[in-house]
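Read the structure below first, then the notes.
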Amino acid sequence: MKPPKFCSNFNSSPETAQEVLRSSLLKALSSAKNTSQLRALHSWIIISGLGLSVVFSGKLISKYAQLKDPISSVSVFRTVSPTRNVYQWNSIIRALTRNGLFTQALGYYTEMRETKLQPDAYTFPSVINSCARLLDLKMGRVVHEHVEEMGIESDLYIGNALIDMYCRFGDLEKARYMFDEMSDRDSVSWNSLISGYCSNGFWEEALDMYHKSRMSGIVPDCFTMSSVLLACGSLTAVEEGLKIHGVIEKIGIGGDIVTGNGLLSMYFKFERLRETGRVFAEMAAKDSVTWNTMIYGYSQLGWHEESVKLFMAMIDEFAPDVLSVTSTIRACGHLGDLRIGKYVHKYLIGRGYECDTVACNILIDMYAKCGDLLAAQEVFDTMNCKDSVTWNSLINGYIQRVYYKEGVENFKMMKRESKPDSVTFVLLLSLCSQLADISQGRGIHCDVIKSGFEDELIIGNALLDMYAKCGGMDDLSKAFSYMRARDIISWNTLIASSVHFDDCTVGFRAINEMRTEGLMPDEATILGILPMCSLLAARRQGKEIHCCIFNLGLELDVPIGNALIEMYSKCGSLENCTKVFNYMKEKDVVTWTALISAFGMYGEGKKALKAFQDMESSGVIPDSVAFIALIFAFSHSGMVKDGLAFFDRMKTDYNIEPRMEHYACVVDLLARSGLLARAEEFILSMPMKPDVSLWGALLSACRASGHTDIAQRVSNQILQLNSDNTGYYVLVSNVYATLGKWDQVRLVRNTMKNKGLKKEPGSSWIEIQKRVYVFRTSDKSFEQYDKVRDFLEYLTGLMAKEGYVADLQFALHDVEEDDKRDMLCGHSERLAIAFGLLNTKPGSPLLVMKNLRVCGDCHTVTKYITKIVQREILVRDANRFHLFKDGTCSCGDHW
DNA sequence: CTAGGGTTAG
């Protein structure tokens, strides 16, 4: 080997020569670029007899560590035994710490103390750092005591290291105390504390410290900014973030890669894609983190195609690492793109990433999402280091693809080989929800309690969901009240389910209670509560929610607008429907359908037709539900020709195959207009087997028009279909009652009893001065009963003079005629109307709701009443609205 | 002595 250049610098005396050699070797040492250079130098140092000197051995130890060769550092340290001094100890401890060998570093520190050698101020920063990285709280305290014993706690580096250590321990108070007690601080002190606040999630505190640092005249650097950008991103503090970006440009650290990456990440969290693109384009130097941030960021925002494109662009100039590949694979999973998924998967193979558990977990999830469970299982089988996420991803894959048995089997295996975590139980609970299997659900609930996960929020929410889908309101309320913590999802589940269980009081109470817990309703809350207003026709609550929507800034949200139209239509305000509709900037097919249904319910067939045509010309394509709404509207306005025409257009113009509901609408359309024979023919000529709903539609029309022979035939058809729907039995029984066939009535009622079906009792309700009054048929227990009864008798007398005769066929019980008359007077809608007339100002309109269809006699009576008392009465029954006015009804008498 | 990017679920 050729001697290094410095050897030619020899001149006169040996002392000087030795000195030149020393200084030249030291210089060469500090500029060594790689380990082979360093090893060569190392040989020369040994040959020159300097190997054991404190300075040279120390420098060698540090230099090897700097070039990431800590083993050589250790071997140098070993050769200097037994002449070790503090400098050499410090060097080896620092060398090991810098290379992540923290346990070894602490071992040397302990050994050093055993040799009775006093450490100095240079020893501690590394030792403290090792304790910090190992999260060794006990050792950390011991070392801190050593520092105090030596009285060197005011050393800047030691103080900084201690701040960092306590931050990593999560003891921010202690860290802050150390910071406050320091006699002098530098930017590292500030940065350590700021980054500590960040890594513990105290974003506001981090920003606060940043502002304090600026007021103390500290100039922020790349370290500061990387923390502060993270904090702004996490808080979505947009304005602050933009300001900080300005500062970065001003002090000229925008070219730093870490800072640039921090900016990218922050703008993704702000969803400011234009800025992200600009920063990315302007970055002169990019590293793999830059690319990964882009790939992951787009994927997080649902722009999965963009992620894949970026990956393809990246591999042209950069070797992707595990994170680039896994971020892309995740995007492929969301896209369900198996082909690209498999292609990207290849980048993991043969690079040692097969052992990366996280990467494999993502792979399993991707294959499961793409439906290739064999590939998912294969990845799973080849893994030698599985964690709970691995199992969960596989189980989730099976459940999502409806392989429930495999899902459960893997859960059992997981219980043997690994430990289920809370996500595992969430998955199993959702499985029970999907299967509506309450007994298995309760079993899992026991497992949850045994495993001690019951107080976790996501578990509580999953339990709520399970009980909502498989159980009843009682189970749900109990699960809700047992929850230790609740979030918006818990409340939304409760609210949405209470509509489902017809228990609206719970829902309305919940929306107020959640606000007292400091939670603001969100889109899902509103979408849960609005159907409740629709169901109850709770106009006042509906309006309150509408105000609330404006306060929340959700007024332009499409699903919300759609639900509002539905609500106003069910609450009797067609005017507000059109107002909401016109206010909406963006409209989808659901919006138009809601408007068409609203027109249908008010018998405004022509307006429904106009709306349908407007929808077509606005470019929105009608779907099968839109046609149901349209034909329903025609049916309720007697527009038979239009109804039949659009039933054909649905197939010819839009290629939509008619479903059972469409046939039912057409039957209804024909039958309502008295074309009973045609309706029956239509049913018999259908290409599919008609279900009970079609016969039901025909039968209710027969009943209204008194066609007894068809009614009998249809009733038989319905009984033969052996349905479990209460409504049809009630209908058949009512038909027999109308015909006076009381034996048949008893027969039908017995069938219902045997099937455990109960007739829904008729009830009507009316709201007067913020109070809802509910009346059930034949109810005598409500307040003012006597007054209402007398008033009805008085009205009946006046009506008789106008020509009214009670239509006793609507009294569906086998009793004397006088009793029948009484029974008609006890119908809930009549009670509600009479009560309403007595308790509101003369001349003001009434709004009455009924859960079933309005009875024919009550319909006649209401017409008479509006003429006598000169009031408008709006009645909403199960199907539609009836606006009674001066002796007529808007439904034109066919409903 | 201080900084940045990845997984499942409601």
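Order of the sequence lines fixes the chain letters, A, B, ..., with proteins taken first and strands second; residue numbering starts at 1 for each chain. Excluded from the calculations below are hydrogen atoms, water molecules and symmetry mates; all remaining heavy atoms, backbone and side chain alike, are included.
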Distance below 4.0 Å between A/Arg168 side-chain N/O and B/dT2 OP1 or OP2: yes
Centroid separation A/Tyr347 to A/Phe311 less than 6.0 Å: yes
d(OH, A/Tyr197; P, B/dT2) in whole Å: 18 Å
Length of the CH2-P vector between A/Trp203 and B/dA3, whole Å: 13 Å
A/Arg133 vs B/dT2: side-chain N/O to OP1/OP2 distance below 4.0 Å: yes
Nearest-angstrom distance from the residue atom CD1 of A/Ile362 to C1' of B/dT7: 4 Å
Contact under 4.0 Å: A/Asn396 side-chain N or O vs B/dT7 OP1/OP2: no
Interatomic distance, A/Asp387 CG vs B/dG6 P [rounded to whole Å]: 17 Å
A/Tyr87 atom OH: more than 12 heavy-atom contacts under 6.0 Å: yes
Donor/acceptor link under 3.5 angstrom from A/Asn361 side chain onto base of B/dG6: no
Separation of atom CD1 in A/Ile495 from atom C1' in B/dG10, rounded to whole Å: 16 Å
Options B/dG6, B/dC1, B/dT8, nucleotide nearest the side-chain atoms of A/Leu323: B/dG6
Spacing of A/Ile395 atom CD1 relative to B/dT7 atom C1', expressed in whole Å: 15 Å
Electrostatic pair A/Asp475-A/Arg442, nearest N-O below 4.0 angstrom: yes
From A/Phe453, A/Phe425, A/Tyr482, A/Tyr467, residue fulfilling ring pair (Phe, Tyr, Trp, His ring centres under 6.0 Å) relative to A/His445: A/Tyr467
side-chain N/O A/Tyr353 vs B/dG6 OP1/OP2, d < 4.0 Å: no
Whole angstrom value for the distance that separates P of B/dT2 from CG of A/Leu156: 13 Å
